[in-house]
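Data first, discussion second: the structure below is written as structure tokens.
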Amino acid sequence: MSETVNAAESAAPHRYTAALAADIEARWQDFWDKHGTYEAPNPGEGSLGGDPETAAKPKKFIMDMFPYPSGAGLHVGHPLGYIATDVYGRFQRMTGHNVLHTLGFDAFGLPAEQYAVQTGTHPRVSTEANMGQMRSQLRRLGLGHDQRRSFATIDTSYYRWTQWIFLQIFNSWYDDEAGRARPIDELVAEFESGRRPTPEGRADWSDLDGTERADLLGGYRLAYASDAPVNWCPGLGTVLANEEVTAEGRSERGNFPVFKSRLRQWNMRITAYAERLLTDLDPLDWPEAIKLQQRNWIGRSEGARVDFPVETTGTGGDGAGGQTAITVFTTRQDTLFGATYMVLAPEHELVAGEGGIVPAAWPEGTREAWTGGHATPAEAVTAYRAQAAAKSDVERQADAKDKTGVFTGAHAVNPVSGERVPVFIADYVLMGYGTGAIMAVPAHDHRDFAFARAFELPMRCVVEPSDGRGTEPAAWDDAFSSYDARIVNSAGSRVVLDGLGVVEAKARITAWLEEQGIGAGTVNYRLRDWLFSRQRYWGEPFPIVYDDEGVAHPLPESMLPLELPEVDDYSPRTFDPDDADTSPETPLSRNGDWVHVTLDLGRGDGPRTYRRETNTMPNWAGSCWYELRYLDPYNDERLVDPSVERYWMGPRDGMPTGGVDLYVGGAEHAVLHLLYARFWSKVLFDLGHVSSAEPFHKLFNQGMIQAYVYRDSRGIAVPAAEVEERDGAYFLGGEQVSRTLGKMGKSLKNAVTPDEICAEYGADTLRLYEMAMGPLDVSRPWDTRAVVGQYRLLQRLWRNVVDEATGEVAATVTDDAPDEATLRALHKAIDGVRQDLNGLRFNTAIAKITELNNHVTKQPTVPRAVAEGLVLLIAPLAPHVAEELWRKLGHETSVVYADFPVADPAYVVDETVTCVVQIKGKIKARLEVSPSITDAELEEAALADPAVAAALAGGTIRKVIVRAPKLVNVVTG
RNA sequence: GCCGGGUUGGUGGAAUGGCAUACACGGAGGUCUCAAACACCUCUGCCCGAAAGGGCUUGUGGGUUCGAAUCCCACACCCGGCACCA
């Protein structure tokens, strides 16, 4: 160290430098830990109970979407939301609220497991190490978290309750009449007593054996195993939920192809809640964009089911078939007269084998193009089904433009026109939506139009186009699907729709179908049940065992938690990503001792042998209910104490459904985590375990911190920190590189860590910078050069209060009353900052604090009241330096619970305001006037102004608009 | 293709019907210093002009209004979501 630096330091040994900031920050972080400053008491006498007044205190429950403990560590983008919730929480503490804010870890799931596989360590070991690293990085930021309430989803004391909730869901069914979930025992009782008959085609309850009963109940349970086409991803070795598959038909994680494969898997009956998940969105204080995404995902559409009679072929091979019907779902029942053919999904059961509708031979005169070149319909159908099954979703979508399909040889009857229409199978009809069958109206649906063109099927116009194209579909380029038109060509012997508008025609035909008993108005949802099992090691084991008959039994509560066993090889079995003809193998199944057990399930049949379920739950399970466990993390008796839950989550004024007061996280969880968590919330609500039907009342999506990516001539990212700017171009060494905006991360060599910013400027500066960059919900680029601006703010604030030579309060800090202008500046800042912090507008709050501080800096002395005001205003944003200054100013207690200042309305308005005088909207003069000036006085003053008078000379005044005290606009003629 | 969000100085942004460019970064000049750094002060949207001053300006074009970054219509571009959903 050189002498000159020593000299500078000795001149100002108490200057606010990075070293001093580090010292202050470490000291106050230790202080907060030691005093439990951020511990939020629960009402009542539970493990975290507070004093008796707690229950009466207003509360704020603030949450962040908790992180995965990834091995890469944090970059400056990660804590953006955490800092924002911390600032908001601190502001709420200073305005008298009991604030619950903590942060846990979402530690199960693919990322943690893949990282563990890559590094060759057990997932628990690497996960714990990562959590340790992230905890220390986060602690450095001074986040006001109640550490007692932090947990990880992999803690057995936590996933015990995840398993418990699974059992609750497994042991419930959705009562459509009551519109809510009920215990499955109540359904069994209804069957036993005969109050509820078993569904059609089933024997009486008393005649069913155990397997049949289990099978019947499985059709009701909210968690059930079923054989269904699922998203099988050989590259990952696991099945995936629809929400985890991209639009390209690949896995969101790893980007591997995904195939439809029929496998027995666990599902959650989220579709039972489709309507409630939709309607309950309305009162939530969420970004409209997210609500819209959920609405689209649920995809409610109103329409009708219609039966088309069709001959079956019979099973005996004697040709003696029967009558059945193809039921279709349509939103355009008004176009029923235009249905000239039908299409079934390739997977549809009526073409699956014997007893279906496929005849032995092609009907007389079947066109060559319809048969696919096959000798019999059965061959054609089998071949097409095989072809469709072998296609990955990627291929299926890539082929979407070219319609393919094959004739089944069968005909159905259009119930309104009586016309015989051919039945096709084609992969443009999806088994998972509606009934997996459609009536095709080529004139009024563009997909049917394309298919009809390709297969030369007839088209009939039944809605008269309003765009003057005529009523001959053969001459059209595409279908006419607008609702703004009249029905034509729709007069049958039994029902007539001609002349009606689309909406009236729908109502008329729906009523007629219901009368005839061949259809009904119905609501259909795009939402599918949630595929809930994964062939992975690193997840919650299912608390389910199978008996020798293969019937699933829930473990009794006393056997929870069912701990994840240690295995030698926890990596999943993966396959050639393109090989659809593979099936999953669960890591847990390799552990025979764990799988095969003898248990007494308390069913009165004593100890018996069982086989454990070897699938694990998806990583979403742990995040579906964590808000509840923050409330009561040490409760061994219950998920959460009801009175504690009611206090923090219960419905109240302005929040009819209840929930977390503020939940901040990225928009990427719009339909995954947020939909699943809402679903679990509703089940727990229905079963009486919680008082809030919604988990999160207010949701806020923070933007992403982006970073510049520099690439060399080969397009390879180069280390951003080493790039230099010269005359608007960028260079690495001698070579020019290009600059684009992208994500921040190690792979693009542009990560900036909070650690390095803290080391250079301190955590308070980092916090201020992240909050000052722009509105919280907007993405913006990181600029390390600009961080110094917030550092300077803190340095000026420090110097306004502290003597840099002595470290004591500066002599310029006086007990004198502030002058008028300073008082007004202070109260305007207080007023503005309060509103901004309440509205999460941290960037403008900082601008207002900066303005006040700049004003104070220019004054020769700093009145103590103003110094304290500044410290209190900045305390939520820069808590360490605020604590230090608060202490220096003579306060014995922490600033964390000091009262946030309240503005005096008398000083919020300026003494004089600037009035602009415009002539025809152009500014000609500015007047300093009293804020209480009347319109008449202001008009007079404006017209008397020399510049205005000069500009008006010669013209005639047509009108004068006066908006006292800010504006006069003279309109001349 | 459909739905949603956006486009303001050299840069991040402020202003949501009434002074466009607050606050900050960067830049220029200055004070302090032997010098530098720090700090502090002044200037900094664009164009014309020596200056005084004038003109122009919120993606583009139109409209509503005394007055538009802000409201409406059309277009362009960027970002996000969904996508054969009957």
Side-chain angles (χ1 to χ4, degrees), chain A residues 4-5 8 11-12 15 17 246-248 287-293 295-297 299 301 303 328-333 335 343 345 396-397 399-403 426-430 432-441 444-448 450-451 481 524-528 667-668 670-671 704 725 728 741 768-769 772-775 777-790 792-793 795-796 799 804 841 843-851 853-854 857-858 913-923 926 958-963 966-972:
Chain A
T4 50
V5 173
R15 171 163 294 180
T17 59
T246 65
E248 288 79 40
E288 274 310 313
I290 301 292
K291 287 191 184 185
L292 201 68
Q293 276 186 56
R295 288 192 188 108
N296 290 342
W297 191 262
S301 29
V328 302
F329 172 75
T330 177
T331 56
R332 291 303 302 271
Q333 59 269 39
T335 63
V343 186
R396 195 160 166 159
Q397 279 180 29
D399 298 342
K401 300 159 290 294
D402 305 316
K403 294 282 179 287
D427 65 2
Y428 83 94
V429 173
L430 310 174
Y433 185 76
T435 60
I438 63 159
M439 64 177 209
V441 184
H444 305 295
D445 179 285
H446 81 270
R447 295 151 302 185
D448 297 344
F451 189 84
S481 52
N524 195 58
Y525 300 91
R526 203 190 77 121
L527 183 70
R528 320 275 170 86
E668 68 274 17
V671 289
M704 207 175 19
E725 182 181 352
L741 206 52
L768 277 173
Y769 175 67
M773 287 170 82
D777 55 348
V778 174
S779 294
R780 57 238 122 127
W782 177 266
D783 182 7
T784 297
R785 280 191 317 180
V787 176
V788 72
Q790 302 307 322
R792 288 178 191 147
L793 166 65
Q795 287 185 318
R796 278 197 295 270
R799 222 174 1 251
E804 293 189 334
R841 293 182 298 270
N843 55 330
T844 50
I846 292 169
K848 281 160 192 158
I849 293 169
T850 308
E851 272 182 281
N853 193 49
N854 288 349
T857 305
K858 291 192 180 81
V913 296
T914 307
C915 171
V916 283
V917 184
Q918 303 176 330
I919 294 175
K920 291 177 88 172
K922 299 273 180 207
I923 293 159
R926 293 187 169 88
R958 208 152 53 107
K959 198 170 164 189
V960 182
I961 285 125
V962 186
R963 293 281 180 277
K966 306 216 36 163
L967 176 122
V968 176
N969 190 9
V970 183
V971 187
T972 53

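Lettering of chains follows the sequences in order, A, B, ..., and the numbering in each one begins at 1.
The residue Ala786(A) sits close only to the backbone: its heavy atoms come under 4.0 Å of sugar-phosphate atoms, none of a base. Across all strands, Thr914(A) comes closer than 4.0 Å to base atoms (heavy-atom distances). Across all strands shown, Leu967(A) has heavy atoms under 4.0 Å from base atoms, whether or not it also approaches the sugar-phosphate. Backbone-only engagement by Asn854(A) is indicated by non-hydrogen atom pairs under 4.0 Å involving sugar-phosphate atoms exclusively. Using a 4.0 Å heavy-atom criterion, one finds that Thr857(A) contacts no nucleic acid atom at all. Residue Gln918(A) is in base contact, counting any heavy-atom pair closer than 4.0 Å across all strands shown. Using a 4.0 Å heavy-atom criterion, one finds that Arg528(A) contacts the bases of the nucleic acid, with or without backbone contacts as well. Nucleic acid contact class of Asn843(A) (heavy atoms, under 4.0 Å, all strands): sugar-phosphate only.
Under a 3.5 Å cut-off, the side chain of Arg796(A) and the backbone N or O of Thr857(A) do not form any donor-acceptor pair.
In the set C25(B), A86(B), C40(B), the nucleotide with an atom closest to the side chain of Ile438(A) is A86(B). Listed nucleotides A86(B), G12(B), C19(B) differ in distance to Pro781(A); the shortest reach to its side chain belongs to G12(B). Considering only the side chain of Gln293(A), G81(B) comes nearest among G81(B), G4(B), C25(B). Taking every side-chain heavy atom of Trp297(A) into account, A83(B) is the closest of G12(B), C66(B), A83(B). Counting only heavy atoms from C-beta on, Arg526(A) has its side chain closest to C82(B) among C25(B), G18(B), C82(B). Looking at the side chain of Lys858(A), the nearest of the listed nucleotides G4(B), G67(B), C41(B) is C41(B).
Geometrically, Lys403(A) does not engage Phe451(A) in a cation-pi contact, judged by NZ or CZ lying under 6.0 Å from the ring centre and within 45° of the ring axis.
Side chain Lys966(A) to base C19(B): no donor-acceptor pair is found below 3.5 Å. Judged by distance alone, with hydrogens and angles left aside, Arg926(A) brings a side-chain donor or acceptor within reach of the base of C19(B), the pair sitting under 3.5 Å.
An anti base is found at G53(B): its glycosidic angle is more than 90° from 0.
Counting heavy atoms of neighbouring residues, nucleotides and ligands inside a 6.0 Å radius, atom NZ of Lys291(A) exceeds 12 of them.
Using cut-offs of 30° and 60° for the angle between ring planes, the Tyr433(A) and Phe329(A) rings count as perpendicular.
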